[in-house]
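Source: prediction; values computed, not measured. Residue indices begin at 1 and follow the sequence shown.
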Amino acid sequence: MAHKSDFQFSIREYKPSDEHVVMSLFHDGILEHIYPAFFKAMSNPDHIGIALSISMAGYVLGGSSYFQALLFGSLWAGLIYYCCHDIYNSYMMGRLSTDMADIQASYLENPDNGFWVAEANVNGQAKVVGMVAVVGKRGEEEGERFDDLNGGVSNKEFNQDTGDRSYAHMRHTAVAFAWRRKSLGSQLTRKALDFCKERGFSRVVVDLSSPQTAAISMCQKLGFVQTASHCNTHANRWFAKLATINVMQMEKLI
């Protein structure tokens, strides 16, 4: 049954006719994190020190050339930007070649999975402005979820208290820019949580990258707790280290 709000949002199951707008939301929702990640990385004290050192080296090697100093500093900034871009672009391409390549088969043909879109009433016409998906995992070993932490940390106390090895993985939550700050992200998340509870899952897991501060804050307000963090992405792990990006695993008991 559709959920409605004062902004005339309705949340319904994905249909094949939604494919074009869903792909656009997915594409924009992933790549929009590149610039925040880049600026966050460049403001890191270690990176500031490296940038200044490299610029000074360029100044000296260039015979007191300010242009050389600027060039060397720009090359460092370019490397950091490339790392940020590759991390998110690699994730997007990986998803487009797997579950997002066939949403019907990946999500709607398995009763433990789900994919929903949010519609807004725009001039009397329904327009898709958000989406969320869930993948159910039954009977998986707890260790399977944390094998690739690569030096990260996990909240073992939280994990042990739950006992049940089954959980649901929430993913692909996205809201069109013009429709943000209207609680739509929270409504989509609650829709996913309701589905997971109906399917008998006691835990819901979501993975977020550290630059996604708004999404992290929203999940915390809805009762999610960080249970692990790592730098294992779809890109080279050194790119994640240079970009200072961590993947945060958050869980909620329902």
Side-chain angles (χ1 to χ4, degrees), residues 23-51 73-96 99-100 129-133 145-146 148-155 169-186 188-189 192 204-252:
M23 289 302 175
S24 179
L25 277 172
F26 176 70
H27 176 274
D28 295 343
I30 297 299
L31 298 187
E32 72 175 24
H33 301 307
I34 294 173
Y35 278 109
F38 169 68
F39 291 124
K40 182 175 182 291
M42 289 303 297
S43 64
N44 183 285
D46 292 336
H47 284 3
I48 292 174
I50 293 173
S74 297
L75 289 174
W76 171 250
L79 174 62
I80 300 302
Y81 177 83
Y82 176 82
C83 291
C84 294
H85 182 277
D86 191 67
I87 288 169
Y88 288 102
N89 189 65
S90 295
Y91 172 79
M92 181 184 70
M93 297 307 294
R95 296 269 65 91
L96 288 175
D99 59 300
M100 293 296 286
V129 296
M131 66 182 194
V132 67
R145 293 173 43 220
F146 301 107
D148 296 324
L149 289 181
N150 293 333
V153 296
S154 64
N155 187 339
H169 191 183
M170 187 176 70
R171 55 176 63 166
H172 305 331
T173 307
V175 175
F177 184 80
W179 296 93
R180 295 177 185 177
R181 300 186 181 277
K182 293 177 171 57
S183 299
L184 180 53
S186 297
L188 286 164
T189 301
V204 179
V205 179
V206 61
D207 295 329
L208 298 169
S209 62
S210 49
Q212 294 177 259
T213 54
I216 292 170
S217 177
M218 180 196 73
C219 286
Q220 289 173 335
K221 290 178 181 177
L222 291 174
F224 283 82
V225 176
Q226 182 179 339
T227 56
S229 65
H230 61 87
C231 59
N232 183 46
T233 67
H234 285 66
N236 186 296
R237 69 181 59 183
W238 283 103
F239 287 6
K241 291 182 180 296
L242 284 173
T244 65
I245 291 177
N246 287 323
V247 177
M248 302 172 63
Q249 293 181 327
M250 306 183 74
E251 291 190 14
K252 178 179 172 65

Sequence neighbours left out, cut at 3.5 Å: what donor-acceptor pairs do the side chains of residues 23-50 make with other protein atoms?
residue : atom : partner : partner atom : Å
E32     : OE1  : R180    : NH1          : 3.3
E32     : OE1  : R180    : NH2          : 2.8
E32     : OE2  : R180    : NH1          : 3.3
E32     : OE2  : R180    : NH2          : 3.1
H33     : NE2  : G29     : O            : 3.0
H33     : NE2  : Q212    : NE2          : 3.4
S43     : OG   : F39     : O            : 3.2
S43     : OG   : K40     : O            : 2.8
N44     : OD1  : D46     : N            : 2.8
H47     : NE2  : L242    : O            : 2.5

Report summary line: Residues at least two apart in sequence or cross-chain that pass side chain to side chain donor-acceptor pair (under 3.5 Å) with Y91, listed by chain then number, are none
Requested in this report: Show your working on side-chain contact (heavy atoms from CB on, under 4.5 Å) between S90 and F239 and close with a plain yes or no.
Outcome: CA-CA 11 Å; S90 295; F239 287 6; over 6 Å; no
Report summary line: Residue pairs passing the salt bridge (Lys or Arg N to Asp or Glu O under 4.0 Å) test with at least one member in residues 205-219, sequence neighbours excluded, are none
**Report entry** Nearest-0.5 Å distance, CG of residue L222 to NZ of residue K252
**Finding:** 7.0 Å
Requested in this report: Of all the heavy-atom pairs spanning A240 and I87, show the shortest one and how long it is.
Outcome: CA-CD1, 3.6 Å
Query raised in the report: Between atom SG of C219 and atom CD1 of I216, what is the distance when rounded to the nearest 0.5 Å?
Result: 8.0 Å
Query raised in the report: Nearest heavy-atom pair of A174 and L188: which atoms, and what distance?
Result: O-CD1, 4.0 Å
**Report entry** Where V132 and A192 come nearest, the two heavy atoms and their spacing
**Finding:** CG2-CB, 4.2 Å
Report summary line: Sorted by chain and residue number, the salt bridge (charged side-chain N to carboxylate O under 4.0 Å, His left out) partners of D86 (sequence neighbours excluded) come out as none
Requested in this report: Could you tell me which non-hydrogen atom of D99 sits nearest to which non-hydrogen atom of R95, and how far apart they are?
Outcome: OD1-NE, 2.5 Å
Query raised in the report: Who passes side chain to side chain donor-acceptor pair (under 3.5 Å) against N246, sequence neighbours left out?
Result: none
**Report entry** Side-chain touch F224/V204, heavy atoms, less than 4.5 angstrom
**Finding:** yes
**Report entry** Over all atoms of both residues, closest heavy-atom pair of C231 and K241
**Finding:** SG-NZ, 3.9 Å
Query raised in the report: With side chains defined as the heavy atoms from C-beta onward, is the minimum distance between V225 and E251 less than 4.5 Å?
Result: no
